[in-house]
Each structure stands twice: as structure tokens, then as C-alpha cells.
2 protein chains.
Amino acid sequence: MSAPDARLGPSDYVILGILAAAGPMTTYGLKRAIASSVGYFWPFPHAQLYAESARLAALGLLSETQEGGGRRRRVYSITPGGRAAVGSWLETPTPEPAQFRDLGLLKLAFGSLAGPEAVAALARDQAAAHAERLAAYEAYPGYPMEPHVRLTLELGLRYERAALGFWQEAILSADIRDVVVRESPGRDTRAG
Amino acid sequence: MSAPDARLGPSDYVILGILAAAGPMTTYGLKRAIASSVGYFWPFPHAQLYAESARLAALGLLSETQEGGGRRRRVYSITPGGRAAVGSWLETPTPEPAQFRDLGLLKLAFGSLAGPEAVAALARDQAAAHAERLAAYEAYPGYPMEPHVRLTLELGLRYERAALGFWQEAILSADIRDVVVRESPGRDTRAG
DNA sequence: GGGTACATGTAATCAGTTACATGATTTA
DNA sequence: TAAATCATGTAACTGATTACATGTACCC
């Protein structure tokens with residue numbers, strides 16, 4: 001059935017998924033649609049959209065038409081091939097672990113190079129930042145949101161709460177290693 | 001004092017930080033040192049080390065010497081300039097929010113395109129994967145680990161626990177949106 | 001009618017990844 | 001001593017980010 005499966009990356013599936021779910025739109029439309037859905041946790045700078053969607057069109061997974069009017073913007077829609085590609089992607093398992101890139105955490109790892117003062121300042125900073133994000137998450141409007149997307153937000157919330165708690169404990173403990181010490185004795189590894 | 005501050009990225013600070021903390025080593029040594037510290041959450045493919053550390057040497061932040069023996073491996077050590085760079089990096093605040101790239105979450109966001117069956121399968125998958133990682137984290141040896149690094153692991157643990165709980169609830173609920181529904185009543189959307 | 005914010009796009013660069021290649025060391 | 005594994009490195013490519021440039025709408 002001639003699947004033209006040149007390797008697609010996650011970003012490609014974001015584009016395909018949005019178009020499959022919400023119908024044809026311009027590149028700018030894509031930008032907004034992404035920003036209001038997976039954009040919360042999957043960064044996607046708009047410049048990339050142009051390259052990426054052109055490539056998908058070349059692969060036959062999108063079809064591209066130009067507007068007639070003054071500025072001839074491109075409008076993309078998904079082809080049956082594209083739809084099939086998202087579908088099978090959604091159904092294949094996802095072995096790769098999630099990766100989180102946290103600059104604060106990175107700095108913490110090198111805390112021994114800075115004084116305890118600097119580490120404490122870092123903790124205060126990070127706690128504040130996470131509190132702010134948490135508040136922003138909680139403030140999102142509930143109504144016009146696709147349920148699955150809302151779910152992803154729920155996990156985002158939990159991550160933020162975990163981070164906030166972590167950094168707050170780090171603040172409270174004069175010596176930072178108390179965070180772990182306090183955790184260790186009572187911790188039964190119930191992961192089994 | 002002529003700080004040659006060509007923009008440094010996080011990866012650069014990883015290299016500088018390791019060398020500052022643990023003394024001179026070969027590129028391969030760096031690879032291992034990274035793997036056993038921040039490598040848990042900050043992926044750093046070894047191929048990048050060669051390019052990156054050469055660049056840092058060119059900037060005068062590292063000094064590079066060749067071994068005399070059969071294979072003339074490069075040994076890097078940090079210069080005073082390099083040490084200063086890490087130091088000031090550690091002391092400047094970190095405004096950028098952490099970003100987590102989670103393929104499972106991305107698929108969940110597009111759950112409406114797949115059947116509830118597929119979403120349920122996804123949830124089962126993800127729960128299993130996170131449980132496994134959680135177990136791996138908990139199994140790390142405690143003793144020879146630098147306390148700050150251990151702390152980062154602690155946050156990693158909490159993230160994994162949050163994710164595990166999330167996906168487990170998703171499994172349990174026949175209809176996936178229950179995860180949110182159950183959360184909602186207690187949560188007053190205080191966004192005004 | 002000029003400023004400001006939103007919309008639309010290109011180009012250059014940089015970081016990250018994959019793939020490959022080969023040398024050294026251990027082990028069966 | 002052959003196979004396997006660990007160590008070391010290069011090259012090519014793809015994806016992500018930055019910077020810029022310009023167009024259009026609205027608002028004062």
C-alpha cells in the first residue's frame with residue numbers, strides 16, 4: 001500500500017494530529033492551535049512549522065493550497081495517507097522514557113561548586129517560578145477544552161506540584177540534604 | 001579581564017561543571033562522569049562531547065593536552081576562566097521553565113483520534129514504563145553519591161511517582177475523563 | 001496618519017542525533 | 001586467537017532556535 005514512511009518525528013505528528021482533529025488551516029492557524037493544546041508542554045517555535053509542513057506536503061501526507069487573495073497564504077489539510085500515519089503512530093507503543101530538561105535541577109546538581117547561600121537562593125527562585133506556573137495552570141479556562149488535552153494539563157499540574165513541594169522543602173531545610181534524609185527512613189519502596 | 005563570553009548553552013556548563021568538580025579527565029571520562037550524575041535527566045550523547053569540548057578549549061575555558069602514549073587521547077581540564085564561567089552561571093537566576101517532553105502525553109493529547117481502546121492501551125503502557133523507571137531510581141546505590149546529585153534524583157523520583165499515579169488512574173477509569181472529573185469538584189477554579 | 005500589536009515568512013546558525021569506523025581489552 | 005565488549009573518534013544530517021524582515025489590522 002505504498003506507505004511513504006520517511007522517518008517522522010514527534011513534531012510531524014503534532015502537525016498531522018492537529019490537522020486531523022481540527023480540519024484544514026493556515027500555518028498561522030496551526031501555530032495557534034498548537035499553542036492552545038500541546039503547546040503547554042511541547043514547545044514548537046513557529047519558524048519550524050514552515051519547514052516541517054512543507055516537508056509533510058512533499059511526502060504526500062498533507063496537501064497544500066494557496067489562497068487566492070492578496071497574500072497568498074498556504075492552507076494545509078491532511079490527506080488519507082497522513083491520517084493513516086497519525087493513526088498508526090497512535091497505536092504503536094511508546095518505549096522511550098519522557099525526558100525533562102530542567103535548568104534549575106541542573107544547577108542544583110552542581111551545587112557543591114557554589115556556596116550553600118547560592119543553593120538556597122536557587123531553591124527560593126525555583127519554588128517561586130513553579131508556584132507561578134502552577135497558578136497559571138490552575139487558571140486555565142475549563143469549558144472549551146478538548147477532554148484529552150485537559151488531561152495532559154492535569155499531569156502538568158501534578159508535575160508542578162511535585163516540583164513546588166521539592167523546592168519548598170529545600171528552602172526550609174537549613175542544610176539542603178535534609179530533604180533526602182527526611183524522606184529516606186519512612187520510605188517503603190512500594191513500586192513492586 | 002577579557003571574558004570571552006561567546007554564548008554558552010546548558011551542555012557547556014555540564015562539561016565545565018564536571019571538570020570543575022572532579023578534576024581533569026579524558027573525553028571518555030567525561031562521558032562516564034556525566035552518565036553517573038546529571039545524565040539521569042540531562043541526555044548528553046557522547047558524540048557531542050567532542051565538538052563541545054573542543055569549542056570550550058578554543059574559548060579558553062578548558063585547556064587541552066594530548067597523552068603521550070599510543071593513542072593520544074585528549075585530556076581536558078578547566079581553566080580559571082572556565083571556573084569563573086560556571087560560578088557566575090550558578091549564581092544567576094533561572095527564569096526559563098523546565099520543559100518535559102513526554103511522547104506518551106503527546107499521544108494522549110490526540111486521544112480523540114484513536115479509539116478509547118487505544119487510549120487505554122496507552123495508559124497501561126505508560127504506567128508500566130513509569131513503574132519500571134521508578135523502580136530503577138529507587139534501586140540506585142546510595143553511598144558514593146554526591147549529595148546534590150542525590151537530591152536531583154529525589155525530584156526525579158517524585159516526577160515518576162506523579163506520572164505513575166496519573167496513568168494508573170487513567171487505567172482504572174473506564175472512561176478516561178474520569179481522571180479529571182474526580183479531581184474537579186474539590187478544585188475551585190479560583191481564576192476569577 | 002502614525003504607532004502598536006498581531007500575522008507571516010525566510011535565512012542562518014546551532015544543538016542534537018545517527019551512523020559509522022576503528023583501536024584496545026577482556027574473556028572463552 | 002576469535003569473539004565480544006568497551007573505548008574513542010569523525011562525518012553527515014535533521015531538528016530547533018535566533019534573528020530578521022515585512023505585511024496587515026486596529027486604535028488613538
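Owing to the predicted nature of the structure, the values given are computational and were not obtained by experimental measurement. Just so it is clear: chains get the letters A, B, ... in the order the sequence lines come, proteins before strands, and each one is counted from 1.
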Legend entry - Atom-pair distance (CH2 on B:W42; C1' on C:dA15), nearest Å: 12 Å
Legend entry - Atom of A:F110, atom of B:V14 and distance for their closest heavy-atom approach: CZ-O, 3.7 Å
Inset, instruction - Using whole Å, report how far CZ of B:F44 lies from P of C:dA15. - result: 10 Å
Inset, instruction - Under 4.0 Å between any heavy atoms, over every strand shown, what does B:A51 touch: base, sugar-phosphate, or nothing? Just pick one. - result: nothing
Legend entry - Residue-phosphate contact under 4.0 Å: B:R55 side-chain N/O, C:dT13 OP1/OP2: no
Legend entry - Proximal nucleotide (of D:dG9, C:dG9, D:dT17) relative to the A:Q48 side chain: D:dT17
Legend entry - B:T26 side chain vs B:R74 backbone, donor-acceptor pair below 3.5 Å: no
Legend entry - Distance, rounded to the nearest Å, where B:L30 contributes CG and D:dG9 contributes C1': 14 Å
Inset, instruction - Fit a plane to each ring of B:F100 and A:Y159, take the angle between them on a 0 to 90° scale, and name the class: parallel (under 30°), tilted (30 to 60°) or perpendicular (over 60°). - result: perpendicular
Legend entry - Nearest-angstrom distance from the residue atom CZ of B:R74 to C1' of C:dG23: 15 Å
Inset, instruction - Find out whether A:L8 and A:W89 are in side-chain contact, i.e. whether some heavy atom of one side chain is under 4.5 Å from a heavy atom of the other. - result: no
Inset, instruction - Could you tell me whether a side-chain N or O of A:T27 sits under 3.5 Å from a main-chain N or O of A:Y50, the two making a donor and an acceptor? - result: no
Legend entry - Residue met sooner reading DNA chain D from 5', once B:G29 and A:P43 are mapped to nucleotides: B:G29
Legend entry - Short side-chain N/O contact from A:R101 to OP1 or OP2 of C:dA15, under 4.0 Å: no
Inset, instruction - Check the distance between C:dT13's C1' and B:R7's CZ and give it to me in whole angstrom. - result: 13 Å
Inset, instruction - Using atom NE2 of B:H46 as one end and atom P of D:dG9 as the other, report the distance to the nearest whole Å. - result: 10 Å
Inset, instruction - Round to the nearest Å and state the distance from A:L103 atom CG to C:dA15 atom P. - result: 14 Å
Legend entry - Nearest listed nucleotide, side chain of A:A47, among D:dT18, C:dG9, C:dA15: D:dT18
Inset, instruction - Whole angstrom is fine here: how far is it from CD in B:E52 over to C1' in C:dT13? - result: 14 Å
Inset, instruction - Take A:P45 and B:Y50, find for each the nucleotide of DNA chain D with the closest heavy atom, and name the residue whose nucleotide sits nearer the 5' end. - result: B:Y50
